[in-house]
Amino acid sequence: EPEVTQTPSHQVTQMGQEVILRCVPISNHLYFYWYRQILGQKVEFLVSFYNNEISEKSEIFDDQFSVERPDGSNFTLKIRSTKLEDSAMYFCASSEGTGYNEQFFGPGTRLTVL
Amino acid sequence: GNSVTQMEGPVTLSEEAFLTINCTYTATGYPSLFWYVQYPGEGLQLLLKATKADDKGSNKGFEATYRKETTSFHLEKGSVQVSDSAVYFCALRSRNSGNTPLVFGKGTRLSVIA
């Protein structure tokens with residue numbers, strides 16, 4: 001069964017460093033998303049992406065964040081200069097289309113900023 | 001804005017016990033409602049959904065009914081198993097078009113002991 005994959009499963013970085021979180025969405029899906037969950041808090045929407053551009057973003061997704069689909073399979077989230085408060089579990093998701101199409105989630109990348 | 005509130009965990013039950021995880025929501029319009037489950041080491045998986053008032057979503061013995069009058073979508077299962085141990089997330093999605101993001105609750109960890 002097709003699934004969304006994410007790498008790495010756990011990333012540890014120093015404050016101020018750049019990190020890139022990688023996702024491989026399901027191959028025939030067109031819509032891509034990043035969410036995050038700070039420990040003990042809600043899963044929060046960051047950004048959605050379609051047709052090589054951002055469709056929607058939350059107020060969390062500031063200038064330190066960027067997303068890219070560098071090739072036909074990967075979808076990446078870059079944090080330019082990490083802060084302690086960026087420590088969280090980051091989930092990638094993809095869906096076939098809009099509306100009621102199910103979003104399929106990856107297993108997450110745990111980012112720890114020291 | 002839209003929000004989801006679900007009961008705090010963790011919840012610990014004995015096998016074959018009855019499960020209820022409460023979920024209430026605040027939303028404009030008539031959102032679609034979801035329960036996602038996250039098993040250890042895996043991504044979020046859609047468990048069930050309901051798209052309009054009085055709809056009942058069901059899957060794997062779990063049920064939830066969309067109650068517009070009480071703005072609730074409580075998850076229930078008559079007899080839990082050890083394999084149901086996971087984190088359960090209630091979520092909503094507004095009916096706007098486009099790749100509308102999911103709005104999640106904090107999640108409730110369920111542990112079922114034999």
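To find a chain, count down the sequence lines: A is the first, B the second, and so on, and within it residues start at 1.
- When heavy atoms are compared at a cutoff of 4.5 Å, Y39(B) does not approach chain A at all.
- Residue V4(B) touches chain A through its backbone alone, counting heavy-atom pairs closer than 4.5 Å.
- The hydrophobic clustering, which links ILVMFWY residues whose side-chain heavy atoms are closer than 4.5 Å, places M15(A) and I79(A) together.
- Looking at Q37(A), only its side chain comes within 4.5 Å of chain B, counting heavy atoms on both sides.
- Counting heavy atoms from C-beta on, the side chains of F45(A) and V103(B) never come closer than 4.5 Å.
- Residue R109(B) places its CZ atom among 12 or fewer non-hydrogen atoms of other residues, nucleotides or ligands, all under 6.0 Å distant.
- With a 4.5 Å cut-off on non-hydrogen atoms, Q41(A) touches chain B through its backbone but not through its side chain.
- Taking S58(A), A93(A), S9(A), S55(A) one by one and counting their heavy-atom pairs under 4.5 Å with chain B, the maximum is reached by S55(A).
- Atom OG1 of T100(B) sits about 6.5 Å away from atom CD of E56(A), to the nearest 0.5 Å.
- Enclosure of atom CD in E85(A) by more than 12 non-hydrogen atoms of other residues, nucleotides or ligands within 6.0 angstrom is indicated.
- Of the listed residues (Q6(A), E44(A), M89(A), K42(A)), the one with the most heavy-atom contacts under 4.5 Å to chain B is K42(A).
- Atom NZ of K83(A) has more than 12 heavy atoms from other residues, nucleotides or ligands within 6.0 Å.
- Within the 4.5 Å cutoff, the side chain of F34(B) has no heavy atoms near those of the Q103(A) side chain.
- Around the CD atom of E16(B), the shell of radius 6.0 Å holds no more than 12 heavy atoms that belong to other residues, nucleotides or ligands.
- No more than 12 heavy atoms of other residues, nucleotides or ligands sit less than 6.0 Å from atom CG of L39(A).
- A heavy-atom distance below 4.5 Å is found between the side chains of L102(B) and F105(A).
- Around atom CG of D71(A), more than 12 heavy atoms belonging to other residues, nucleotides or ligands sit under 6.0 Å away.
- For chain A, the nearby part of Q38(B) is the side chain; its heavy atoms alone come within less than 4.5 Å.
- Hydrophobic clustering (ILVMFWY, side-chain heavy atoms < 4.5 Å, transitive): V113(A) and F61(A) are in one cluster.
- Less than 6.0 angstrom separates the ring centroid of F104(B) from the ring centroid of Y35(A).
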